[in-house]
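Numbers restart at 1 for each chain; the letters A, B, ... are given by sequence-line order, proteins then strands.
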Protein chains: 2
Amino acid sequence: MDFIFVMTSEAAKIFVDYLAGNGLSMTPQRKVIVETFLETKGHFSAEELLALVQKTVPEVGQATVYRTLKLLVDSGLAESHDFGCGVALYEHSYGHEHHDHLVCTRCQKKVEVVDESIEKRQEILARKNGYVLTNHRMMLFGLCPACQKLRDKEEAES
Amino acid sequence: MDFIFVMTSEAAKIFVDYLAGNGLSMTPQRKVIVETFLETKGHFSAEELLALVQKTVPEVGQATVYRTLKLLVDSGLAESHDFGCGVALYEHSYGHEHHDHLVCTRCQKKVEVVDESIEKRQEILARKNGYVLTNHRMMLFGLCPACQKLRDKEEAES
DNA sequence: AATAGGATGAAAATGGATTTCATTTTCGTC
DNA sequence: GACGAAAATGAAATCCATTTTCATCCTATT
Ligand SMILES: [Zn+2]
Ligand SMILES: [Zn+2]
Ligand SMILES: [Zn+2]
Ligand SMILES: [Zn+2]
């Protein structure tokens, strides 16, 4: 493998700095994984990322993707979520404000949501119990508009 | 095994009704598992429940505990939570109002919390996006008072 | 180019949870 | 009370996402 290590985006720089700051080195595998990651949108699993990476460099191993995904999370570029579907899903966190998720229980469609007053109340709840809040997870589950229609149609038919 | 099927608590009745309503039968195993479950407090894993059950009836198998725990969840008596510790933890949900959790990231101490205004806002968030909210999960992570002290002490020492 | 510590991929291991399957139980029917 | 279909059980096997192992390869520094 013969790569030129040029990664110019802000996010890429953060990753490079993270590696340098932790005595880790940039490698062809890490480069292609991070580049591929940076091109993704939305929420995806490690397996999905692996498949994308292998379109470019088929010999990258899954263990390396898992390992690099961990580095991405630690460097603050990625965030991992458990939506209850059995696999961890990742998403960008650099340049993405904090948000929570509204998930359709039927088609898995996800909407990113934030409510400042909820965030404030969470702080208050924690403080009231003497805890120092470090982070939180909030996931709202329901039926998306499309799936509501589908369900209504199904009910009408039966 | 020779059991007398007397389960008098409200919760036990709900379970019995759930079984009847679904063409399932009460069995000695289900009985001891449910009784043991009803005696627990707080949050516990399937393995922990299995251990408790086996103190009374050693020959109960783990698969049966997993299976019965699922029935307990379906019947509305139990709730399962993923606190990120690698195993599902269960808790009573009959006679327990809905609540969310504030969890210490160091000692796992859990406080049950509710904030009506957060619950209302969640509804609004969902509706604003056209979703029909069915349920939600909210978990606040932080350091409990005791662990804050411990951490301060450690920092002073180093 | 020598070297030491990292990094990698294939394969094996892990571990919670689920499934399989041969054997029992349950429960309505005779 | 015995019968038989359907359900339930336990032990063991299996699943499956993720992690670990380990022999080999690469990177950065001299
Ligand atoms: Zn939030
Ligand atoms: Zn949907
Ligand atoms: Zn709530
Ligand atoms: Zn604590």
Side-chain angles (χ1 to χ4, degrees), chain A residues 1-5 7 15-34 36 43-51 53-54 56-75 78 80-90, chain B residues 1-5 7 15-16 18-34 36 43-51 53-54 56-75 78-90:
Chain A
M1 277 187 258
D2 191 23
F3 282 80
I4 303 165
F5 293 120
M7 296 179 68
F15 187 69
V16 170
D17 288 352
Y18 173 81
L19 291 180
N22 289 79
L24 307 172
S25 27
M26 181 51 98
T27 66
Q29 290 89 338
R30 284 176 181 166
K31 181 167 188 286
V32 67
I33 292 168
V34 172
T36 307
H43 308 83
F44 53 89
S45 66
E47 289 303 323
E48 285 165 354
L49 182 59
L50 173 64
V53 165
Q54 289 184 334
T56 311
V57 187
E59 47 276 355
V60 173
Q62 69 156 207
T64 303
V65 168
Y66 275 103
R67 290 188 276 234
T68 306
L69 232 15
K70 200 170 288 167
L71 296 177
L72 282 166
V73 170
D74 291 346
S75 68
S80 163
H81 296 287
D82 171 18
F83 290 103
C85 59
V87 282
L89 297 187
Y90 296 83
Chain B
M1 276 189 262
D2 191 23
F3 282 79
I4 303 167
F5 293 120
M7 296 179 67
F15 187 69
V16 171
Y18 173 80
L19 291 181
N22 288 79
L24 307 173
S25 26
M26 179 52 98
T27 65
Q29 290 88 339
R30 286 176 179 165
K31 182 167 188 287
V32 66
I33 291 169
V34 171
T36 307
H43 307 84
F44 54 89
S45 66
E47 289 302 322
E48 283 164 355
L49 182 58
L50 173 64
V53 166
Q54 290 184 333
T56 311
V57 187
E59 48 275 356
V60 172
Q62 67 152 221
T64 303
V65 167
Y66 276 103
R67 290 189 275 235
T68 306
L69 232 15
K70 199 169 289 169
L71 296 178
L72 282 165
V73 170
D74 291 345
S75 68
E79 214 165 286
S80 162
H81 296 287
D82 171 18
F83 290 104
C85 60
V87 282
L89 297 188
Y90 296 83

Could you go through nucleotides 3-7 of chain C and list every protein N or O atom that sits under 3.5 Å from one of its N or O atoms, giving the distance for each pair?
from   : atom 1 : to       : atom 2 : distance (Å)
dA7(C) : OP1    : Ser25(A) : N      : 3.2
dA7(C) : OP1    : Arg30(A) : NH1    : 2.7
dA7(C) : OP1    : Arg30(A) : NH2    : 3.3

Listed by chain and number, what are the side-chain contact (heavy atoms from CB on, under 4.5 Å) partners of Thr36(A), not counting sequence neighbours? Val32(A), Leu49(A), Leu52(A), Val53(A)

Ignoring hydrogens, what is the shortest heavy-atom contact between Leu89(B) and Ser45(B)? Give both atom names and the distance. CD2-N, 3.7 Å

Across all chains, not counting sequence neighbours, the side-chain contact (heavy atoms from CB on, under 4.5 Å) partners of Tyr66(A) are Ala46(A), Glu47(A), Gln62(A)

Can you find a heavy atom in the side chain of Met26(B) that is under 4.5 Å from one in the side chain of Val16(B)? yes

Rounded to the nearest 0.5 Å, how far apart are CD of Gln54(B) and OG1 of Thr56(B)? 10.0 Å

Do nucleotides 14-22 of chain C as a string where each nucleotide becomes B, S or -: B if the base has a protein heavy atom under 4.0 Å, S if just the sugar-phosphate does, - if no protein is that close. --SBBBB--

Can you sort out the partners of Asp74(A) under side-chain contact (heavy atoms from CB on, under 4.5 Å), two or more places apart, ordered by chain and number? Tyr18(A), Lys70(A)

Run the side chain to side chain contact (heavy atoms under 4.5 Å, CB included) check on Phe15(A) and Ile33(A) step by step: do they pass? CA-CA 11 Å; Phe15(A) 187 69; Ile33(A) 292 168; over 6 Å; no

Rounded to whole Å, CG of Leu49(A) lies from P of dT18(D) at a distance of 12 Å

Under the ring pair (Phe, Tyr, Trp, His ring centres under 6.0 Å) test, residues paired with Phe83(A) that sit two or more places apart: His43(A), His81(A), His101(A)

Would you kindly give the CG-to-P distance between Leu50(A) and dT18(D), to the nearest whole Å? 12 Å

Nearest whole angstrom, please: distance from the P of dA8(D) to the NZ of Lys31(B). 18 Å

Check the distance between dT9(D)'s C1' and Leu71(B)'s CG and give it to me in whole angstrom. 13 Å

